[in-house]
Amino acid sequence: MKPFQFYIVGKMPNLKPGQSITNEVQLTFSGEREDVRTTITMETEHFEGSLVLLRVVSGIKHQTIGYIKTLVDSQRRRIDFLEYLQPVDFQAYLDLDKKLMIFQAPKKECRGVLSHLRAKSCEMDLVEMEVDFTKVMQLKSEYLGAWFKQVSSRVHTAGLTGSQIQDDTLFKNLSKVADLSNVTIPWPFEGVEHPVMITSRAGVVLIQSYQDNIGLQLNLVMDVQEKLLQHVWHERQVTKEIDDTEMIEE
């Protein structure tokens with residue numbers, strides 16, 4: 001599966017190929033502060049249609065228990081850790097006419113970079129969007145899959161797959177007690193039907209493999225944005241809380 005995360009561009013400087021936007025924030029690891037730099041560089045001005053190709057390089061914080069074995073003063077030692085910094089490097093696409101930014105990366109990487117950009121004022125402002133699945137159902141009434149979150153006090157998530165699952169009693173019952181995290185729908189494009197996942201944070205995930213045909217992938221997700229997403233999304237109200245139940249979105 002290949003995720004494409006959409007944002008609305010609030011502000012963006014005019015970049016030329018090779019020029020970059022840089023933002024630096026401080027993160028705390030085991031009581032020590034570490035500078036993390038985020039760099040967004042224009043690579044190709046005319047990449048695919050109206051899209052500009054960008055490269056995003058940064059680092060995101062993971063909180064997890066683990067250890068590494070390494071040499072310290074020529075002695076092999078085990079070092080335990082509770083968190084670590086993961087380097088990230090991914091492509092992004094910008095449509096200035098439509099004021100759209102697309103991050104081509106997993107959700108955790110996208111959110112990590114977005115939080116860095118928000119933590120300190122910089123030349124770029126990206127607005128996170130949220131999908132209203134009630135409106136999605138009005139426009140696309142056939143679901144091939146769905147994930148629900150906050151199902152009960154014991155069940156955090158529940159997933160359904162099949163054909164026409166929106167008509168199944170189980171889907172209808174879950175819809176009454178839980179929120180949708182994502183849905184998979186059949187999407188007709190250039191005479192072929194493609195299964196695509198729509199996430200609650202305005203992401204489009206391609207289910208099928210398209211090898212290295214990035215042109216087809218970008219045209220497909222832009223078609224979804226134009227004909228569906230822009231009609232069913234609204235600006236998300238930013239909070240400091242992180243909803244771990246949405247980890248299965250992508």
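Contact between Q5 and A202 at its shortest, heavy atoms only, is NE2-O, 3.4 Å. Taking both residues in full, the closest heavy atoms of P195 and T184 are given as CB-CG2, 4.3 Å, listed atom of the first, atom of the second, then distance. Closest heavy-atom contact between V25 and A119: CG1-CB, 3.9 Å. A pairwise comparison of heavy atoms in T199 and N182 identifies CA-CB, 3.8 Å as the closest pair. Here the closest non-hydrogen pair linking D223 and P188 is OD2-O, 4.2 Å. The two atoms that bring V52 and F47 nearest to each other are C-CB, 4.4 Å, heavy atoms only.
Within a 6.0 Å sphere centred on CG of N173, heavy atoms belonging to other residues, nucleotides or ligands number more than 12. Applying the 6.0 Å contact sphere to CG of D35 captures more than 12 heavy atoms from other residues, nucleotides or ligands.
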Item to complete: Start with the C-alpha distance between Q138 and F133, add both sets of side-chain angles, then the distance that settles side-chain contact (heavy atoms from CB on, under 4.5 Å), and finish with yes or no.
Response: CA-CA 9 Å; Q138 293 171 358; F133 284 112; over 6 Å; no
Worksheet entry | side-chain contact (heavy atoms from CB on, under 4.5 Å) between L206 and V221, intermediate numbers included | CA-CA 8 Å; L206 301 183; V221 298; 3.9 Å; yes
Practice prompt. Could you please spell out the steps behind the side-chain contact (heavy atoms from CB on, under 4.5 Å) verdict for F103 and V113?
Written response: CA-CA 10 Å; F103 283 179; V113 170; 4.0 Å; yes
Worksheet item: Stepwise, does the side-chain contact (heavy atoms from CB on, under 4.5 Å) test hold for I185 with I198?
Response: CA-CA 8 Å; I185 60 178; I198 309 298; 4.1 Å; yes
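When only modelled atom types and interatomic distance are considered, Q166 and Q164 share a side-chain donor-acceptor pair under 3.5 Å. Between the side chains of E128 and Y7, no donor-acceptor pair is found at a separation under 3.5 Å.
Q217 places a side-chain N or O within donor-acceptor distance of the main-chain N or O of N213, the cut-off being under 3.5 Å. No donor-acceptor pair closer than 3.5 Å links the side chain of H231 to the backbone N or O of V136. Judged purely by atom type and a 3.5 angstrom limit, S152 uses its side chain to pair as donor or acceptor with the backbone of V155.
Atom CD1 of I207 is separated from atom NZ of K2 by 13.5 Å, given to the nearest 0.5 angstrom. Atoms CG and OG, on D132 and S200 in that order, are 11.5 Å from each other to the nearest 0.5 Å. With rounding to the nearest 0.5 Å, the separation of CG in L228 from CD in Q230 is 9.5 Å. Here the CD-CG distance, from Q208 to L216, works out to 9.5 Å after rounding to the nearest 0.5 Å. Taken from CG in L144 to OG in S163, the straight-line distance is 7.0 Å, to the nearest 0.5 Å. Interatomic distance, SG of C110 versus CZ of F4, reported as 11.0 Å (0.5 Å rounding).
Side-chain atoms of L117 and L126, non-hydrogen and from C-beta on, do get closer than 4.5 Å to each other. Contact of the Q237 side chain with the E130 side chain is not registered, since no non-hydrogen atoms from C-beta on lie closer than 4.5 Å. With a 4.5 Å cut-off on side-chain heavy atoms, L94 and M12 count as touching. The closest side-chain heavy-atom distance from E109 to Q86 is below 4.5 Å. The shortest side-chain heavy-atom distance between K11 and E123 does not fall under the 4.5 Å cut-off. In this structure, the side chains of L100 and M222 come closer than 4.5 Å at one or more pairs of heavy atoms. The shortest side-chain heavy-atom distance between Q104 and I214 falls under the 4.5 Å cut-off. Under the 4.5 Å side-chain criterion, counting only non-hydrogen atoms from C-beta, M101 is not in contact with Y93.
W187 carries K140 over the face of its six-membered ring, with the cationic atom under 6.0 Å from the centre and within 45° of the normal.
Using a 4.0 Å cut-off between a side-chain N of Lys or Arg and a carboxylate O of Asp or Glu, D95 and K99 do not qualify as a salt bridge.
There is no path of hydrophobic side-chain contacts, each under 4.5 Å, that joins M42 to V57. No continuous path of hydrophobic side-chain contacts links W147 to V177 [ILVMFWY only; heavy atoms under 4.5 Å].
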Donor-acceptor contacts, no H, no angles, side chain residues 16-23, under 3.5 Å, sequence neighbours left out:
residue	atom	partner	partner atom	Å
Q19	OE1	K16	N	2.8
S20	OG	T41	OG1	2.6
N23	ND2	H116	O	2.7

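For F171, the ring-ring contact (aromatic ring centres under 6.0 Å, His included) partners are Y143, F148, not counting sequence neighbours.
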